[in-house]
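Down below is the structure, laid out as structure tokens.
Keep in mind that what you see is a predicted model, and the values were worked out from it rather than measured. Within every chain, numbering begins at 1; the chains are lettered A, B, ... in the order of the sequence lines, protein sequences first and strands thereafter.
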Amino acid sequence: DAGVIQSPRHEVTEMGQEVTLRCKPISGHDYLFWYRQTMMRGLELLIYFNNNVPIDDSGMPEDRFSAKMPNASFSTLKIQPSEPRDSAVYFCASSTTTGPNQPQHFGDGTRLSIL
Amino acid sequence: DQQVKQNSPSLSVQEGRISILNCDYTNSMFDYFLWYKKYPAEGPTFLISISSIKDKNEDGRFTVFLNKSAKHLSLHIVPSQPGDSAVYFCAAKDRGGSNYKLTFGKGTLLTVNP
């Protein structure tokens with residue numbers, strides 16, 4: 001079975017540019033999560049969706065960040081405009097609703113570098 | 001304010017010996033704990049979990065111990081193998097919050113030397 005698929009794997013862009021990260025969750029999973037990993041803060045939850053609806057976006061750092069899930073098989077995380085401090089590894093994860101303690105399945109991440 | 005703390009950034013052990021990774025938490029509302037393992041350039045993968053109603057859960061070479069009074073959990077790997085070399089993240093779920101929201105520690109890099 002295909003796991004969570006993220007693209008691109010690496011992104012290097014200049015400050016001020018728009019960045020769009022993409023995620024395809026595991027088929028049949030109802031929950032989708034976006035995380036950011038940095039040395040300073042570790043792995044932190046940015047936002048998560050249930051059945052394509054954003055449930056909790058309290059981790060989104062500021063208005064420059066936005067996330068959408070137009071359908072069950074696709075989500076985007078957008079940064080506009082990007083800043084050097086946004087450089088991090090961004091992970092997408094998905095899980096099922098068969099129980100609250102279902103583990104989350106992570107993609108391999110997008111390494112973002114803002115110059 | 002870190003609610004889940006992994007105070008050892010790294011740990012090095014010899015193959016065949018026991019690896020013990022520690023995790024402390026401050027939120028008494030956490031009711032479920034998980035360990036994830038992460039190799040370079042890959043996403044974290046689920047390893048083992050424990051509910052707060054238990055004090056031990058075992059799965060093959062991996063055992064997680066929970067000490068609620070001390071707000072401490074540990075992951076034991078016996079015997080350690082070179083393939084276990086990875087970053088290990090401790091994560092916790094808040095019973096008062098969403099069933100799906102996890103708080104992660106910063107991770108511990110385990111190196112198992114042949």
| said: Assess whether a salt bridge exists between K93(B) and D31(B), defined as any Lys/Arg side-chain N lying under 4.0 Å from an Asp/Glu carboxylate O. | reply: yes
| field | NZ/NE/NH1/NH2 to OD/OE distance under 4.0 Å, R85(A) and E62(A) | value | yes
So for [X], is it side chain, backbone, both, or neither that comes closer than 4.5 Å to the heavy atoms of chain B?
X       : answer
L45(A)  : side chain
R41(A)  : backbone
T110(A) : neither
E44(A)  : neither

| query | Excluding sequence neighbours, so at least two apart, what forms side-chain contact (heavy atoms from CB on, under 4.5 Å) with T76(A)? | reply | T20(A), R22(A), K68(A), F74(A)
| query | In terms of heavy-atom proximity below 4.5 Å to chain A, should F89(B) be classed as side chain, backbone, both, or neither? | reply | side chain
| Would S19(B) and S80(B) count as having a side-chain donor-acceptor pair, cut-off 3.5 Å? | yes
| said: Just so I understand: if I count every heavy-atom pair under 4.5 Å between each of F33(A), F91(A), F106(A) and chain B, which residue has the most? | reply: F106(A)
| field | Donor-acceptor under 3.5 Å (Q6(B) side chain, C90(B) main chain) | value | yes
